[in-house]
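For reference, the structure discussed in these notes is given below.
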Amino acid sequence: MKSNHLKKKVVPAVLAASIAFAGLALPAKNVLANEEVVRIQQQLMEAPTGLSKQEILYSFLGSQVGAEGKARATSVEATEQFSIIEEKADSKTNTYHFKTQEMYQGIPVYASQQTIALDKDNNVISFIGDVNKDLSRSIIPTEPSLTTEEAETVAKESIEAQIGEVSSYDGVESELIIYPSDAGKRLAYLVKASTSIPAPGYFHYFVDATSGEVLHNFDAVAALTPALEEDENAKFTPLAGGGTTPAPRALPIEYVDVTAKGMDIFGKLHSFNTVKDASSSKHFLYDGTRGKGVHTFKANRMPETSFILLSALLGLTGFEVESNKNFFYDPAAVSAHINASKTFDYFKNIHGRNSLDNNGMKLVSTVHIGDKWNNAAWNGKQMLYGDGDGQRMISLSGGLDVIAHEMTHGVIEKTTNLIYENESGAINESIADIFGAFAENKTGEGLWLLGEDIWTPGIQGDALRSMSDPGSVYIGGYTEDGYYPDHYDKRYLGELDRGGVHINSSINNKAAQLITDGGTHYGVTVNGIGKARTEKIFYRALTLYLTPSSGFAEMRQAAIQAARDLHPDRNGAPSLEVQSVMAAYDAIGVY
């Protein structure tokens, strides 16, 4: 079932030259196509005098609840309906940023978050998000009949009916929410369950908290390729079992950081950080020098039901990648270990981000997942890499852009948490592609090819996706011409691929390429601003402006606002960087 209830209502960032606070005017299409300099309205609400930033926030949100001819909510009512979940000052741009969560009697409303930005004078300059204007007048049960454990049981039974018995979940988390279903707002448990064996999954179940009915579910495992119903090659085939099962054990408490060597899947020799047992001299593929650690496991040659993965170095672990000397002989594991470290360094050095959660989160990778699996995934807890079948793909851990793509899914989850369905899911996949490319940092057209190093080893020059020319890559009968779309009017509107999360990601990918390199697309000319400025704009849009339900229109708004923050208007006109972002989204048909 495709859910259509998550419709966004947002205030566009690009407004007409004049603006009435209660009546916002939308811009005309192709605002830069005629090369006119367009004045970008920067102020959505003038700051009332004598109020704190929080009071201004709630005053603004109260006005949004009361829009469309209804009486505005008071600040007190707004504080009950919206909870601040994050606020931060940005001294570099003299802006102040809030993230809020809509609530009903203390229970969060699913997918209803907002981002609001203030300028140095406390004027509201940006607002993105969902607002339920009639929420306070709704009558919704708030006392669950089911326990958390009962809701999890409902979800697990459904999951295991799909993929088989799960002997050990990588993680199960549950939260009581208000779920806006087609039949009205319902009290529900959101159950998130992460699996790796017998199949990778990040299952999201919405279980009615009074009846136990499953209202909606989807698998948010953020895979590299779409596992479409007719695409057997992209689907997961679990291991058939066999081999030996080593018993889990405790790693030594006394270990030392050392440098080891090993060859990646391409036969290139690398040196990298590992640890050594001080007593036995056995080496383990763990790097304790980055954040809370980079830990690489293996999952091959074992029965499905015996796979155990615990990511704590100084306790019980799963199946370690180990060596009796300072040389590691598993190329897939070496590749995963090196590329995870490189991606950590990219986010740290370029964006000042300390791992996925910006708090040093341990990076856990597992290689040799499945039987010749042509895919890679983030399951909410770790990165998973298949070995490929040797023809369509080789070991996916060998692609730096692949690893960075999956790790970016972790960054997305720890920041905006874009819902992995429909348009928000396509933006999720696109941002993972964009930062996969930027972290790999190739030059020329190589920058915009995704997975080219691990894709079809017998064919030179092709790739899983092309961000500069999406329409050059065949995807099958899911779009009108069978190729990835490069314009919003060509987007896939069906239910496969969770509403086209991989298929439609190419549209936003093209915008990122145009902003970086420039070019003419569908008659719109874009002046490129280079990788260094583009990656900063997209990172800021992701971490400060997007919300879980953001689609293409909100992506445009967030990118424009991020560009304006970093490159302010000059003499009342948008900067070249802002003009580039605006033109790029015009070019892909997103207004």
Side-chain angles (χ1 to χ4, degrees), residues 88-93 95 97 272-273 287 289-294 336-363 365 378 383 399-416 418 427-444 446-450 453 467-468 508-509 511-518 528-546 555 558-567 575-578 580-581 584:
K88 64 175 67 173
D90 185 346
S91 59
K92 292 182 180 179
T93 61
T95 54
H97 300 267
F272 42 85
N273 295 312
D287 174 5
T289 68
R290 291 173 167 87
K292 297 175 184 176
V294 179
H337 196 67
I338 293 168
N339 287 332
S341 298
K342 287 181 178 179
T343 304
F344 177 97
D345 292 346
Y346 167 77
F347 279 106
K348 182 74 170 178
N349 297 335
I350 301 300
H351 304 293
R353 187 172 192 85
N354 185 10
S355 193
L356 308 184
D357 64 351
N358 202 26
N359 193 33
M361 177 181 175
K362 183 181 290 184
L363 301 177
S365 304
W378 159 259
M383 287 74 71
L400 175 54
D401 54 353
V402 172
I403 296 247
H405 173 105
E406 300 307 335
M407 287 175 59
T408 300
H409 280 305
V411 174
I412 293 168
E413 181 168 336
K414 299 301 179 182
T415 53
T416 298
L418 285 156
I427 298 301
N428 190 320
E429 273 297 321
S430 173
I431 290 173
D433 279 357
I434 290 166
F435 284 106
F438 287 157
E440 188 179 41
N441 198 27
K442 289 186 177 180
T443 58
L447 177 64
W448 304 114
L449 296 176
L450 181 69
D453 293 330
M467 299 171 69
S468 62
N508 194 59
N509 287 353
Q513 183 269 327
L514 286 169
I515 295 167
T516 304
D517 293 344
I529 62 174
K531 172 180 177 291
R533 282 178 283 182
T534 303
E535 63 191 347
K536 294 285 189 179
I537 288 170
F538 274 93
Y539 182 78
R540 187 176 184 86
L542 169 66
T543 56
L544 290 180
Y545 289 113
L546 292 175
M555 181 69 248
I560 291 173
Q561 187 61 52
R564 182 188 299 120
D565 289 349
L566 298 172
H567 308 282
S575 65
L576 295 176
E577 291 81 3
V578 172
S580 176
V581 174

Between [atom1] on residue [X] and [atom2] on residue [Y], distance to nearest 0.5 Å:
X      : Y      : atom1 : atom2 : value
Ser430 : Phe538 : OG    : CZ    : 7.0 Å
Asp287 : Leu363 : CG    : CG    : 9.5 Å
Lys414 : Arg353 : NZ    : CZ    : 10.0 Å
Asp90  : Leu544 : CG    : CG    : 7.0 Å
Lys362 : Asp357 : NZ    : CG    : 12.5 Å

Classify the side-chain pair [X]/[Y] by whether it contains a donor and acceptor separated by less than 3.5 Å.
X      : Y      : answer
Gln513 : Asn509 : no
Thr289 : Asn273 : yes
His409 : Glu429 : yes

Using 30° and 60° as the class limits, which term best fits the ring planes of [X] and [Y]: parallel, tilted or perpendicular?
X      : Y      : answer
Tyr539 : Phe347 : tilted
Phe272 : His337 : perpendicular
Phe435 : Tyr346 : tilted

With sequence neighbours left out, write down each residue that passes salt bridge (Lys or Arg N to Asp or Glu O under 4.0 Å) with [X], or none if nothing qualifies.
X      : answer
Glu406 : none
Asp517 : none
Glu413 : none

Self-check item: Over all atoms of both residues, closest heavy-atom pair of Gly436 and Thr408
Solution: N-OG1, 4.5 Å

Exercise. Verify side chain to side chain contact (heavy atoms under 4.5 Å, CB included) between Ile431 and Leu546, making sure each step is shown before the conclusion.
Key: CA-CA 11 Å; Ile431 290 173; Leu546 292 175; 3.7 Å; yes

Quiz item: Taking C-beta and beyond as the side chain, do Asn508 and Ile434 meet within less than 4.5 Å on heavy atoms?
Solution: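 With C-beta onward as the side chain, the pair touches.
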
Quiz item: Taking C-beta and beyond as the side chain, do Thr543 and Asn358 meet within less than 4.5 Å on heavy atoms?
Solution: no

Practice problem: Dump the intermediate steps for side chain to side chain contact (heavy atoms under 4.5 Å, CB included) on Thr516 and Met467, then the final yes or no. | Solution: CA-CA 11 Å; Thr516 304; Met467 299 171 69; over 6 Å; no

Residues forming a side-chain contact (heavy atoms from CB on, under 4.5 Å) with [X], sequence neighbours excluded:
X      : value
Leu566 : Thr93, Lys536, Ile537, Arg540
Arg533 : Ile529, His567, Glu577
Asp401 : Glu440, Leu450, Glu452

Quiz prompt | Candidate pair His97 and Tyr545, rule side chain to side chain contact (heavy atoms under 4.5 Å, CB included), full reasoning | solution = CA-CA 9 Å; His97 300 267; Tyr545 289 113; 3.0 Å; yes

Quiz item: Can Lys348 and Asp345 be counted as an ion pair, charged N to O under 4.0 angstrom?
Solution: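 A salt bridge is absent here (no side-chain N lies under 4.0 Å from a carboxylate O).
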
Exercise. Walk me through it: do Trp378 and Ile412 pass the test side chain to side chain contact (heavy atoms under 4.5 Å, CB included)?
Key: CA-CA 11 Å; Trp378 159 259; Ile412 293 168; over 6 Å; no

Quiz item: Is a donor on one side and an acceptor on the other found under 3.5 Å between the side chain of Asn428 and the backbone of Leu418?
Solution: yes

Self-check item: Side chain Ser355, main chain Met361, donor-acceptor under 3.5 Å
Solution: yes

